[in-house]
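These notes are about the structure you will find just below.
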Number of protein chains: 2
Amino acid sequence: MKKQNCLCKNISPEEMEDIKTHIPEDKTIQVMADFFKLFGDGTRLKILYYLSRHELCVADLALLVNMQQSAISHQLMLLRLHRLVKYRKESTTTYYSLDDEHINSIFKVALEHLQEQ
Amino acid sequence: MKKQNCLCKNISPEEMEDIKTHIPEDKTIQVMADFFKLFGDGTRLKILYYLSRHELCVADLALLVNMQQSAISHQLMLLRLHRLVKYRKESTTTYYSLDDEHINSIFKVALEHLQEQ
DNA sequence: TCAATATATGAACATATACTCATATAGGAG
DNA sequence: CTCCTATATGAGTATATGTTCATATATTGA
């Protein structure tokens with residue numbers, strides 16, 4: 001690891017090299033970032049919260065979140081693509097529910113961090 | 001809870017009302033979203049990974065992440081504002097390190113989700 | 001004092017994101 | 001078949017975000 005002009009005495013080039021070689025691949029990191037990005041929006045958090053309480057149709061979610069049906073549908077599509085929610089159809093109605101038991105664990109850790117302040 | 005034209009038989013207006021009254025405040029949800037947003041970017045994830053391995057100065061982080069010093073500084077500022085990293089100054093050098101032991105827990109749960117696919 | 005180094009910061013810019021509007025699709029009731 | 005309802009989807013748009021470039025600040029050494 002060439003430390004061109006950096007004079008930081010804190011760490012050796014060998015340690016730098018070692019740390020660098022152990023980081024996950026860029027692709028893996030991007031997948032992880034995209035996963036967290038899903039939780040980085042208030043509308044999606046609300047949807048996930050409501051679905052954690054009850055299986056719901058799109059219209060009811062729109063009512064609860066207080067947003068247009070189209071907006072909710074778009075977000076549900078995203079959540080579906082990332083396997084955070086699943087759905088079942090009953091004639092023209094689509095019922096959504098959570099598809100991942102890790103969601104609650106993640107919320108829990110986040111709340112722990114936020115309550116520290 | 002007025003279910004205007006929705007015919008979904010899945011849930012009663014009373015249950016809807018109950019669920020709606022128990023959701024955290026909008027402000028709380030926004031704080032949570034902003035917290036997760038921090039993990040929703042590859043550059044920041046790399047920074048956090050490297051800092052989880054070793055205290056590092058800005059220049060070394062820039063070298064490791066392979067990005068301009070300015071970009072790293074901007075991201076470190078963000079992470080600092082949200083208390084994910086802390087720093088100490090030694091003459092002109094600024095050494096950064098993790099400021100939250102929950103970060104590793106969060107990574108762990110995320111990996112569990114991603115490995116399910 | 002002056003030059004060099006490490007970092008921080010503001011402005012500008014390109015891209016990503018979330019929403020709205022309009023419309024398509026598809027099932028059920030009449 | 002036709003209308004109505006529930007949902008999905010594409011285009012357009014305003015805002016948010018991440019990066020770069022240029023420059024400011026601050027400390028050290030000559």
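Just so it is clear: chains get the letters A, B, ... in the order the sequence lines come, proteins before strands, and each one is counted from 1.
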Please produce a list of atom pairs where a protein N or O lies less than 3.5 Å from an N or O of nucleotides 15-18 of chain C.
unit_1 : atom_1 : unit_2  : atom_2 : d
C:dT17 : OP1    : A:Lys37 : NZ     : 3.1
C:dA18 : OP1    : A:Arg44 : NH1    : 3.2
C:dA18 : OP1    : A:Arg44 : NH2    : 2.7
C:dA18 : OP2    : A:Arg44 : NH1    : 3.2

For nucleotides 25-30 of chain D, which of its nitrogen or oxygen atoms have a protein nitrogen or oxygen under 3.5 Å away, and what is each distance?
none

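Close to C:dA8, at under 4.0 Å from its OP1 or OP2, lies a side-chain N or O of B:Tyr96.
For the pair B:His82 NE2 and D:dT17 C1', the interatomic distance rounds to 13 Å; values are reported in whole Å. We find that CG of B:Leu76 is positioned 14 Å from C1' of D:dT19, with the value rounded to whole Å. The CG atom of B:Leu61 sits 11 Å away from the P atom of C:dA8 (whole-angstrom rounding). Computed from coordinates, the A:Lys89 NZ to D:dT5 P distance equals 18 Å when rounded to whole Å. Atom P of nucleotide D:dG18 and atom CD1 of B:Ile72 are separated by 13 Å, given to the nearest angstrom. The interatomic distance linking B:Phe36 (CZ) with D:dA16 (C1') rounds to 20 Å, in whole Å. Summarising the geometry, the separation between CE on B:Met77 and P on D:dT17 is reported as 16 Å, rounded to the nearest angstrom. Distance B:Leu56 CG to C:dT7 P: 11 Å, rounded to the nearest Å.
Using a 4.0 Å heavy-atom criterion, one finds that A:Tyr87 contacts no nucleic acid atom at all. Counting non-hydrogen atoms under 4.0 angstrom, B:Thr94 reaches the backbone sugars and phosphates but no base.
Seen from the ring of A:Phe39, A:Arg44 does not count as a face-on cation partner, given the 6.0 Å and 45° thresholds.
With respect to A:Lys46 and B:Asp26, a salt bridge is recorded, a charged nitrogen being found less than 4.0 Å from a carboxylate O. With respect to B:Arg53 and A:Asp18, a salt bridge is recorded, a charged nitrogen being found less than 4.0 Å from a carboxylate O. Taking 4.0 Å as the cut-off between side-chain N and carboxylate O, A:Arg88 and A:Glu55 count as a salt-bridged pair.
The distance from the CG atom of B:Leu61 to the CG atom of B:Asn66 is 12.5 Å, given to the nearest 0.5 Å. Considering CE of B:Met32 and CG of A:Leu45, their distance stands at 6.0 Å, rounded to 0.5 Å. Residue B:His102 holds its NE2 atom at 14.0 Å from CZ of B:Phe107, rounded to the nearest 0.5 Å.
For the residue pair A:Thr21 and A:Glu17, no side-chain donor N or O sits within less than 3.5 Å of a side-chain acceptor on the partner.
A residue-by-residue look at B:Thr93 and A:Gln68 shows that B:Thr93 has its nearest nucleotide of DNA chain C further toward the 5' end.
Without hydrogens or angle criteria, B:Tyr96 side chain to B:Val58 main chain gives no donor-acceptor distance under 3.5 Å.
Counting atom types as modelled, B:Ser70 pairs no side-chain N or O with a base atom of C:dT7 as donor and acceptor under 3.5 Å. Looking at B:Gln69, its side chain comes within 3.5 Å of the base of C:dA8 through a donor and an acceptor atom.
Across every non-hydrogen atom of B:Thr93 and B:Cys57, the tightest pair is CG2-CB, 3.6 Å.
C:dT9 has its base stacked against the ring of B:His74, the centroids being under 5.5 angstrom apart at an interplanar angle below 30°.
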